[in-house]
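Computed from a predicted structure; not experimentally measured. Proteins come first, then strands; the chains are lettered A, B, ... in the order of their sequence lines, and each starts at number 1.
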Number of protein chains: 2
Amino acid sequence: MPNRTSVSVGRSSVRRTAPTVDVVLLTPHARRLSVLLERVEGARSKERWALPWEAMRSTETIEESAARLAREALGSSPSLVEQVAAYGDGRRHPSGATLSVAFLALVAAGAPAPVGGSTAWFAIDEIPAIAPRQKAMLDGALHAVRARLEQSPIAFRLLPATFTLSELQGIYEILLGRRLHKASFRRALHAAWLVEPTDEWRSEGRGRPAQLFRYAPRKRRSSRRGVRFEGME
Amino acid sequence: MPNRTSVSVGRSSVRRTAPTVDVVLLTPHARRLSVLLERVEGARSKERWALPWEAMRSTETIEESAARLAREALGSSPSLVEQVAAYGDGRRHPSGATLSVAFLALVAAGAPAPVGGSTAWFAIDEIPAIAPRQKAMLDGALHAVRARLEQSPIAFRLLPATFTLSELQGIYEILLGRRLHKASFRRALHAAWLVEPTDEWRSEGRGRPAQLFRYAPRKRRSSRRGVRFEGME
DNA sequence: TCAATAGTGTCTGTTAGACATTATGGA
DNA sequence: TCCATAATGTCTAACAGACACTATTGA
């Protein structure tokens with residue numbers, strides 16, 4: 001629950017609500033991303049959902065708050081917690097706060113649905129109605145994940161410790177929103193020295209079993225050829 | 001000046017200070033970026049400098065506050081104002097606030113040194129001591145500018161309406177921190193259809209005069225070849 | 001004329017994407 | 001046996017970077 005207090009600013013007295021920390025927990029599921037929402041009791045027992053949030057505390061940094069909040073909502077620690085942005089617009093937030101800071105948290109595939117009954121995973125294109133500011137936070141988090149994909153190895157945060165190259169490519173395809181060329185994907189991956197094979201193989205349904213790999217970055221490619229003007233309007 | 005108020009949280013009473021909005025104004029100068037700092041009176045008349053900042057108001061969005069704050073510090077409107085991140089760590093801020101939101105503002109080259117005497121441009125590798133949180137904001141703003149360079153046409157925000165291709169390449173070199181190949185740069189620029197020539201030419205010192213161009217994006221290149229695993233650790 | 005900068009044409013090594021082929025298990 | 005998926009080799013068009021060259025001004 002938010003802390004509402006009367007604050008004196010100059011000669012006028014305004015109502016101020018403590019800023020909130022909100023967490024967008026994301027995990028891959030069925031070739032889509034899913035987000036964790038909490039059930040909240042709305043007015044007239046109407047069912048409402050919301051991103052996990054809480055009023056900011058002065059006893060810990062916002063990063064610590066976000067990590068704890070994600071852990072509490074999930075039941076275990078996510079593989080990555082990272083700030084998205086502050087949202088200080090006029091959009092509505094469950095707390096009534098004028099300012100909220102959104103965090104993104106990634107959860108490896110195969111995470112069990114959190115027990116406790118009050119939280120559930122929703123595919124991002126099938127989420128129920130949430131407060132407008134939280135919807136903006138979700139959009140911002142998705143944009144941030146996609147933007148950071150080419151700079152940081154965040155795709156591995158959405159996979160268990162060992163995985164097949166097809167699973168890895170699937171994560172990239174989910175995040176990029178387009179299909180990738182298999183041979184090119186593996187060539188680029190090989191050249192980047194990001195993964196190493198294990199001696200395990202996994203058979204799924206028909207077809208040849210796939211070798212399992214693990215994330216094991218070896219060296220930096222400092223090449224960075226050229227200037228890219230792509231994506232510009 | 002910050003608003004300090006006594007706020008009741010549960011049974012304890014803590015001192016809370018309103019969050020701040022801080023602006024990192026950047027402009028290119030002499031093949032480097034410069035940042036705008038304001039002179040503030042420190043204790044014992046010691047000279048101190050700080051990024052422009054103010055306590056958050058509930059009467060406008062943080063984006064509006066940042067744009068106004070930048071305009072007031074600069075004397076005119078910057079060409080771009082964009083959020084960097086929220087800083088809610090333990091680092092010291094001039095306000096004493098526990099939370100600050102940093103904004104980045106770009107100013108076209110050739111901006112006059114702001115009159116009024118209390119502000120000045122400093123090359124980013126020669127800045128005086130500022131509060132640790134503001135130093136982190138400056139670093140974050142520089143990182144954000146570089147990260148967005150390949151996604152958005154922000155280089156043009158650091159140039160006047162017309163410019164030579166050598167000036168444009170110089171902006172990219174400042175932001176990327178490395179030299180670029182002239183012919184390749186122009187080829188990629190031509191392929192991206194981002195600029196168009198004017199019929200003006202400018203002669204600077206010796207050498208052949210350079211044609212002036214203006215920013216005029218025509219179409220999107222939706223190509224995006226391949227997956228890039230570069231820059232990963 | 002020389003120096004300095006603008007702008008362009010050509011060559012070459014690299015690489016993304018297409019295509020084809022082999023490998024290997026399940027139905 | 002067929003089918004589905006994994007994994008890999010080869011070819012080609014695109015392109016980044018190097019190099020060389022011309023163009024055009026001021027000193």
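- Computed from coordinates, the B/Phe185 CZ to C/dA6 C1' distance equals 14 Å when rounded to whole Å.
- In this structure, B/Arg68 pairs ionically with B/Glu54, as a charged nitrogen and a carboxylate oxygen lie closer than 4.0 Å.
- Residues passing the side chain to side chain contact (heavy atoms under 4.5 Å, CB included) test with A/Ser166, sequence neighbours excluded: A/Thr164, A/Arg186.
- If you check every strand for non-hydrogen atoms under 4.0 Å, A/Gln211 touches sugar and phosphate atoms only.
- A donor N or O paired with an acceptor N or O is not found under 3.5 Å between the base of C/dG7 and the side-chain atoms of B/Arg187.
- Atom CD in A/Glu150 sits about 12 Å away from atom P in C/dA16, given to the nearest Å.
- Annotation for A/Ile174 and A/Pro28: closest pair CD1-CB, 4.3 Å, computed over non-hydrogen atoms.
- Nucleic acid contact class of B/Ser166 (heavy atoms, under 4.0 Å, all strands): sugar-phosphate only.
- Considering only side-chain atoms of A/His181, the nucleotide from D/dA6, C/dC19, D/dC19 that sits closest is C/dC19.
- What separates CD of A/Glu204 from P of C/dA27 is a distance of 13 Å, to the nearest Å.
- Nearest to the side chain of A/Ser184, among D/dG9, C/dG17, C/dT8, sits C/dG17.
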Considering only nitrogen or oxygen atoms on both sides, find all protein atoms under 3.5 Å from nucleotides 1-4 of chain D and state each distance.
residue: D/dC3; atom: O3'; partner: A/Arg206; partner atom: NH2; Å: 3.3

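- In terms of polar N and O atoms assigned as donor or acceptor, the side chain of A/Arg186 never comes within less than 3.5 Å of the base of D/dA7 in a complementary pairing.
- In this structure a side-chain-to-backbone donor-acceptor pair under 3.5 Å is present from B/Glu64 to B/Thr61.
- The listed nucleotides are D/dA7, D/dT24, C/dG25; the one nearest the side chain of B/Pro209 is D/dT24.
- Tested against A/Tyr172, the residues A/Phe163, A/Phe156, A/Phe185 include a single ring-ring contact (aromatic ring centres under 6.0 Å, His included) partner, A/Phe185.
- Considering only side-chain atoms of B/Ala183, the nucleotide from D/dA18, C/dG26, C/dC19 that sits closest is D/dA18.
- B/Leu165 has its CG atom 13 Å from the C1' atom of C/dT5, to the nearest Å.
- Qualifying side chain to side chain contact (heavy atoms under 4.5 Å, CB included) partners for A/Ala85, counting only residues two or more places apart in sequence or in other chains: A/Tyr87, B/Gln83.
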